[in-house]
Participant: 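Got a structure for you, written out below as structure tokens; questions coming shortly.
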2 protein chains.
Amino acid sequence: MSPRNSVLEARRTRQRIVERGLTLASVEGLEGLTIGRLATELGMSKAGVLGHFGTKERLQLAVVDAAAEMFAREVPQRVRHVPAGLAHLTALCEAWISYLERALLPGGCFFTAVATEFDGRGGPVRDAVAGLDALWRRDLSIHIRRAVVAGDLPAGTDPDQLVYELFGIMLALNHALQLHRDDRAPERARRAVRQRLGSPVPLGER
Amino acid sequence: MSPRNSVLEARRTRQRIVERGLTLASVEGLEGLTIGRLATELGMSKAGVLGHFGTKERLQLAVVDAAAEMFAREVPQRVRHVPAGLAHLTALCEAWISYLERALLPGGCFFTAVATEFDGRGGPVRDAVAGLDALWRRDLSIHIRRAVVAGDLPAGTDPDQLVYELFGIMLALNHALQLHRDDRAPERARRAVRQRLGSPVPLGER
DNA sequence: CCTACCGATCGGTAGG
DNA sequence: CCTACCGATCGGTAGG
């Protein structure tokens, strides 16, 4: 309510908190993300941080939203110009691998971390993560179906099976990168994707 | 030091603590495993619990050990009678799937949970988990090499690539079971394994 | 193995 | 957005 802080400035502060929270949570987890530490790192008071959200759970949900936006920006939006079907699916997988490889967040894939952290519990955070995961699976599934209809994937392809296997490839990539810092893992992920989807059309020929 | 508590009884108490700790940690994580909660659930004092380990970190390491023993008992030891090579590898994968499917621990695979929880940090707990993970990969790799030498897997097979893909299948299984309670996931895992290793020898013909 | 205690930190609130 | 504060819980220690 200080006259120096306009609504716009408050919104910017909120965004700063959420962005720092996302970075912190990727390493410490969403439960290990504490208001006190966040406040210290931002040079704010705890009450100043919490005031933007009300409760820790709503802060966690805001961080989940930010992670979803980041993933959308880095993966699906990067390839939105690629035609639907197999080409799009292949481009999505490459963008997904690249996203994990570049490690934009220090703790690796935020959703993998939060999914394993919250999968044994109930509550809105778990529901939000599960919902986003399901949405993403559906996106992949749609492109697989298109590719099958177009004859670019074998007619007998089971979309859910392929989604399952693609998820496995990416989970294994995140695991190898984060736990073993194995820099040959991205290459293995690409090989595994290629085996399932075929070679991508080279950039120059698109 | 109470005369009623022999060394043997102390060891049994220690085991009770570790077992309960393993169950708790599979849901709450190794950091979310608190000495106070463990004490309450066991009807003990905090000091009584901590006395067996000295520090929380050593309690965490004891829980990691117990998880490794459980996994060894449930997966490799169950198939130790199966001949080395492809048959053994196939049996290992089936035991691994079955282990995840039966969900002996309420939070799913302990190592997946702890690996993602600690992969962004340093310290002995992370090192212990990374070491066990590497050991398990090596076991799988050895059987793959044997199978290639015996001509049961294609000559060009890259062992590390196959280990990578098998890990992905199991990580995806744990993910689907825990986050979505998707009971068709074990079937998908089996199909994916079959595609890579071929059909297992039926039980009756072994 | 217990009671009794320590300083630090947790999420959150009151009041401005 | 701040200071000042709340009860609860954290990991850990002293002493028996």
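Small disclaimer: the values here were computed from a predicted structure and weren't measured. All chains are named by letter (A, B, ...) in the order of the sequence lines, taking the proteins before the strands, and each is independently numbered beginning at 1.
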Participant: Side chain of B:Thr55 only, please: which of D:dG12, D:dC1, C:dG12 is the nearest?
Facilitator: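 The listed nucleotide nearest to B:Thr55's side chain is D:dG12.
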Participant: Counting only non-hydrogen atoms, which of residues 28-48 of chain B are less than 4.0 Å from DNA chain D?
Facilitator: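 DNA chain D contact set from residues 28-48 of chain B: B:Leu33, B:Thr34, B:Ile35, B:Gly36, B:Lys46, B:Ala47.
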Participant: Output every pair passing salt bridge (charged side-chain N to carboxylate O under 4.0 Å, His left out) with a member in residues 157-178 of chain B, not counting sequence neighbours, ordered by first then second residue.
Facilitator: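 Salt bridge (charged side-chain N to carboxylate O under 4.0 Å, His left out) check on residues 157-178 of chain B returns A:Arg188-B:Asp160, A:Arg191-B:Asp158, A:Arg196-B:Glu165, B:Glu165-B:Arg196.
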Participant: Return the value, rounded to whole Å, for the distance between atom CD of B:Glu9 and atom C1' of C:dC2.
Facilitator: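 In whole Å, C:dC2 C1' lies 16 Å from B:Glu9 CD.
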Participant: Can I get a per-line list of side-chain donor-acceptor pairs under 3.5 Å for residues 58-66 of chain B, giving both atom names and the distance, sequence neighbours left out?
Facilitator:
unit_1	atom_1	unit_2	atom_2	d
B:Arg58	NE	B:Phe53	O	2.9
B:Gln60	NE2	B:Leu30	O	2.8

Participant: Taking side-chain hydrogen bond (donor to acceptor under 3.5 Å, both in side chains) as the test, write out the residues that go with A:Arg78, two or more places apart.
Facilitator: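 A:Glu74.
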Participant: Would you call A:Glu101-A:Arg190 a salt bridge at under 4.0 Å N-O?
Facilitator: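 Counted as a salt bridge, because a side-chain N and a carboxylate O are separated by less than 4.0 Å.
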Participant: Rounded to whole Å, how long is the line connecting atom CZ of A:Arg11 with atom C1' of D:dC1?
Facilitator: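 Answer to the nearest Å: 17 Å.
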Participant: Excluding sequence neighbours, so at least two apart, what forms ring-ring contact (aromatic ring centres under 6.0 Å, His included) with B:His88?
Facilitator: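 Result, ring-ring contact (aromatic ring centres under 6.0 Å, His included) vs B:His88: B:His143.
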Participant: Which dot-bracket string describes DNA chain C (Watson-Crick N1-N3 plus N6-O4 or O6-N4, or G-U N1-O2 and O6-N3, all under 3.5 Å; [ ] crossing; | other strand)?
Facilitator: ||||||||||||||||
Participant: Can you measure A:Leu59 atom CG to C:dC10 atom P for me and round it to whole angstrom units?
Facilitator: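 Answer to the nearest Å: 13 Å.
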Participant: Taking side-chain hydrogen bond (donor to acceptor under 3.5 Å, both in side chains) as the test, write out the residues that go with A:Thr55, two or more places apart.
Facilitator: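 Counting only residues at least two positions away or on another chain, A:Thr55 forms no side-chain hydrogen bond (donor to acceptor under 3.5 Å, both in side chains).
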Participant: Restricting to pairs with a member in residues 25-38 of chain B, which pass salt bridge (charged side-chain N to carboxylate O under 4.0 Å, His left out), not counting sequence neighbours?
Facilitator: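 Passing the test, one end in residues 25-38 of chain B: B:Glu28-B:Arg37, B:Glu31-B:Lys56, B:Glu31-B:Arg121, B:Arg37-B:Glu41.
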Participant: When the distance from CG of B:Leu50 to P of D:dG12 is rounded to whole Å, what number comes out?
Facilitator: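 Computing the B:Leu50:CG to D:dG12:P distance gives 6 Å.
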Participant: Quick one: side chain to side chain contact (heavy atoms under 4.5 Å, CB included) partners of A:Asp119, sequence neighbours excluded?
Facilitator: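 Scan of A:Asp119 (side chain to side chain contact (heavy atoms under 4.5 Å, CB included), adjacent residues dropped) gives A:Thr116, A:Arg126, B:Gln178, B:Leu179.
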Participant: Return the value, rounded to whole Å, for the distance between atom CZ of B:Arg58 and atom P of D:dG11.
Facilitator: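 Answer to the nearest Å: 16 Å.
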Participant: What is the separation between atom CD on A:Gln60 and atom C1' on C:dG11, rounded to the nearest whole Å?
Facilitator: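 Nearest whole value for this atom pair: 11 Å.
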